[in-house]
Chemist: 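First the structure, which I've put down as structure tokens, then a few questions once you've had a look.
Quantities reported herein were computed from a predicted structural model and do not represent experimental measurements. In listed order, ligands and their atoms are each counted from 1.
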Amino acid sequence: MTDERLAHLSALEKKVLWLATWTIHNANHLRDNEDGLKIGGHQASSASLATIMTALYFSALRPQDRVAVKPHASPIFHAIQYLLGHQSKEKLADFRAYKGAQSYPSRTKDIDDVDFSTGSVGLGVAQTLFASLVQDYVKAHGWAKDWPEGRMVALIGDAEMDEGNIFEALLEGWKQGLRNCWWIIDYNRQSLDAVIREGLFSRFEALFSAFGWEVVTLKYGSLLEEAFREKGGEALRRWIDTCPNQLYSALTFQGGAAWRKRLLDDIGDQGPVTALIERRSDEALARLMTNLAGHDLPSLIAAFEAAKAHDKPVVFIAYTIKGFGLPLAGHKDNHSGLMTPAQMEGFRKAMNIRPGHEWDHFEGLGVDARKLQAFLDAVPFNARGARRLTAPRVPVPAELPAPKQAEISTQQGFGLVLNELARSDTALAERIVTTSPDVTVSTNLGPWVNRRGLFAREAMADTFRQERIPSTFNWDFSPKGQHMELGIAEMNLFIMLSALGLSHSLFGERLLPVGTLYDPFIARGLDALNYACYQDARFLLTATPAGITLAPEGGAHQSIATPLIGMAQDGLAAFEPAFVDELSVIMRFAFDYMQRSGEAADEDGSAARSWLRDETGGSVYLRLSTRPLAQPQRTMSADLARDIIDGAYWLREPGPNAEIVVAYAGAIAPEAIAAVGLMAEDRRDVGLLAVTSADRLNAGWTAASRARERGLVHARSHVERLFEKLPPHCGIVSVLDGHPATLAWLGAVGGHRTRSLGVEHFGQTGSLADLYRHYGIDTQAIVAAAETLAPGRPIRHLRALG
Ligand SMILES: Cc1ncc(C[n+]2csc(CCOP(=O)(O)OP(=O)(O)O)c2C)c(N)n1
Ligand SMILES: [Mg+2]
């Protein structure tokens, strides 16, 4: 590296640290008097990564490389993007404020080309690994020809390595032959609360080596390396190597005089070591002792260049100091530490920044601004400007096949629809990629996989098939396969979906990911699901089987809360169809919805029909069942299809004097239908509402309500239109195999008394009839609820049922 290049990089390192520190200080200062809330976490934590990120962004990275930045290093990231022209001064000045630069890098909320959102520690790390696998998938299918193969890079806090999902990902990465992935551990030996355990690095080394990663330990900077070569240097190295983390941190905080005293006390020999120490001023000694490789540009750049020679995954264990370059450096409480105004003034002076010039690009650097700008203009990473890609939409046919069986479950229906797609020769089928954590066959993906094969970069034949042993499933792996089989780790499933579902944006190639798992195990990967939605990844999640309907499986496999998750999870439209013609309509919608990227309408369009933000698109969650149901004999009309997507339709329209409406969702349909039949003689004009999406029905209602409150008096949502003609005295009994709160709000739409049936307590084994009875969601319970809600003459069949 030339001296000039190094000088430019050192200047940028300083500038980045200044800008980040100022951003945080400024934000604190602005809001000091407002709410007294101070920003902890960012200052020391950011400083720890300033050098590494300078070396990466201004030297090592290329446009095709993608990075997940440790959450608390977001000010450094924003500062770098500011210098590269992708972040505005206004957004930096509004850091953490309304619509300002985000506290943690956000793909959806920040304007500065964030590759992966971070915030919930551990998830961004794993995201880079799965993104590498997706890149391999895309390349192996012969796509992304114009976009070079990139490296997926994670900047990781050392305490972040405690998150279990990272280890789940490591194992999966090893199985799938991970390449092109760099993880850089910011080994500052500090977490949020404390100084971390001794010797953690050697565990990391062993662990990563075991999974086939190259381990690069970056411990000493070039100053230290030089000092070790002096006389007495070996003794100094030995002292550092055995120095406990706590002590190193404390001395770093205390500075040069403290280093001198401690070193002389411990290893002073009146000979070479003492001379080595005494040759240096306090300041120089402090600089030497904190010259860890993570703060040494030449060491970092050399290490990154060396690692570029191959595509093996590499972990860099980079020794750093939390708060490096700031007065907080090393203090164990510095996570929430903030520089005082006096300290900030000192820092400003040291950085030569004049008041009023805090945001100037080259203020105080003492280098030729034009040359530095020329250097910035030539930064390889920025050669293509912002790097967010797009991909055209894959056409979705007007209809997907609907299985015609007289009796069938939604889970079987799902398998059959995909099987029909697998047989077809359409762009849609080509772009679908399925994935499942060891429940491929048991969630009915088998037929699809039989036709489309499993993905692996290297072909691997199914030995059973080669040996001519009969088996229903063909388990051949090839680079053309379209199913990514995962081990049983739901976290991995969701992060994989997140990576697949961002392929259009990361690699410029649209994939339509379909992931399957058992419904209750959504909870196991819930934060990763939330993460995937937060960064706007697009996928179809099929969760099956669900609820107590899988009766003999017992409470450990029965989901209760998932319908509420479906309603509450932003970015995820949840459906729970009962019949497979509904499912086929919903799957068609899903493949289209996953590809939409329009602006959200402002909830002021008087033409809005559903009041849903459908233009923006999103991911879709299907809650399915293994319970075979007799299918309605009907042809799918456009109106019915639209109602199914909007969330509900009348399976039996209530009459003008309706006393009762039964609203059901999902596999409990036969009980609801039977109940309505039994009541028909004793209650007037009974209605039966099929709810296909409590989520969308509810969202439309709240949006229309908001619109009315803003003066759009004619705003009406789908559910309001459905209930328009219900007389005020009509009662509503809602029922589903899930938490009753899912549909309990229906009564609030038009002010109708409501009784909501569902499952509130852990399930258990038994027959379907046993369990529906026990939890009060069977026909008898529905009729009993209706009778209580709409008093009148006794419902004769109720007694017959009892
Ligand atoms: C899942 C999750 N749990 C807890 C937190 C709160 N948190 C933020 S950073 C952090 C630890 C910071 O330590 P480290 O990763 O070593 O980074 P450093 O502060 O040293 O830069 C914690 C516990 C979080 N962001 N995400
Ligand atoms: Mg740390």
Chemist: Under 3.5 Å, is there a donor-acceptor pair between the side chain of Asn188 and the main chain of Ser48?
Modeler: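 Not a single qualifying donor-acceptor pair exists.
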Chemist: Could you tell me if Ser74 and Gln102 have a donor-acceptor pair between their side chains, going purely by distance under 3.5 Å?
Modeler: no
Chemist: Not counting sequence neighbours, which residues clear side-chain contact (heavy atoms from CB on, under 4.5 Å) with Ser505? List them please.
Modeler: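 Residues passing side-chain contact (heavy atoms from CB on, under 4.5 Å) with Ser505: Arg107, Arg388.
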Chemist: Taking atom types as modelled, find out whether Asp527 and Tyr534 have a side-chain donor-acceptor pair closer than 3.5 angstrom.
Modeler: no
Chemist: Please give me the minimum heavy-atom distance between Leu506 and Ala131, naming the atom from each residue.
Modeler: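 For Leu506 versus Ala131, the nearest heavy atoms are CD1-CB, 4.3 Å.
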Chemist: Applying side-chain hydrogen bond (donor to acceptor under 3.5 Å, both in side chains) to Ser436 and Thr516, what does each step give before you reach the verdict?
Modeler: CA-CA 5 Å; Ser436 184; Thr516 66; 2.9 Å; yes
Chemist: Measure and list all N/O to N/O distances between ligand 1 and the protein that fall under 3.5 angstrom.
Modeler:
from	atom 1	to	atom 2	distance (Å)
ligand 1	15 (O)	Glu160	N	3.2
ligand 1	16 (O)	Asp158	N	3.4
ligand 1	16 (O)	Asp158	OD1	2.6
ligand 1	16 (O)	Ala159	N	2.9
ligand 1	16 (O)	Gln190	O	2.8
ligand 1	19 (O)	Ser45	OG	3.4
ligand 1	19 (O)	Lys322	NZ	2.6
ligand 1	19 (O)	His335	ND1	3.2
ligand 1	20 (O)	Asn188	OD1	3.1
ligand 1	20 (O)	Asn188	ND2	2.8
ligand 1	20 (O)	Gln190	O	2.9
ligand 1	21 (O)	Ser45	OG	2.5
ligand 1	21 (O)	Lys70	NZ	2.5
ligand 1	25 (N)	Gly119	O	2.9
ligand 1	26 (N)	Val121	N	3.1

Chemist: Restricting to under 2.8 Å, identify the protein N, O or S atoms around the Mg ion (ligand 2) as residue plus atom.
Modeler: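 Less than 2.8 Å away from the Mg ion (ligand 2) sit Asp158 OD1, Asn188 OD1, Gln190 O.
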Chemist: Test of understanding: with salt bridge (charged side-chain N to carboxylate O under 4.0 Å, His left out), list the residues that count as partners of Asp266, not counting sequence neighbours.
Modeler: Arg262
Chemist: Any side-chain donor paired with an acceptor under 3.5 Å for Asp296 and Ser222?
Modeler: yes
Chemist: Mind listing the closest non-hydrogen atom pair of Ala169 and Ala126 along with its distance?
Modeler: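 Scanning both residues completely, I find the closest heavy atoms to be CB-CB, 3.7 Å.
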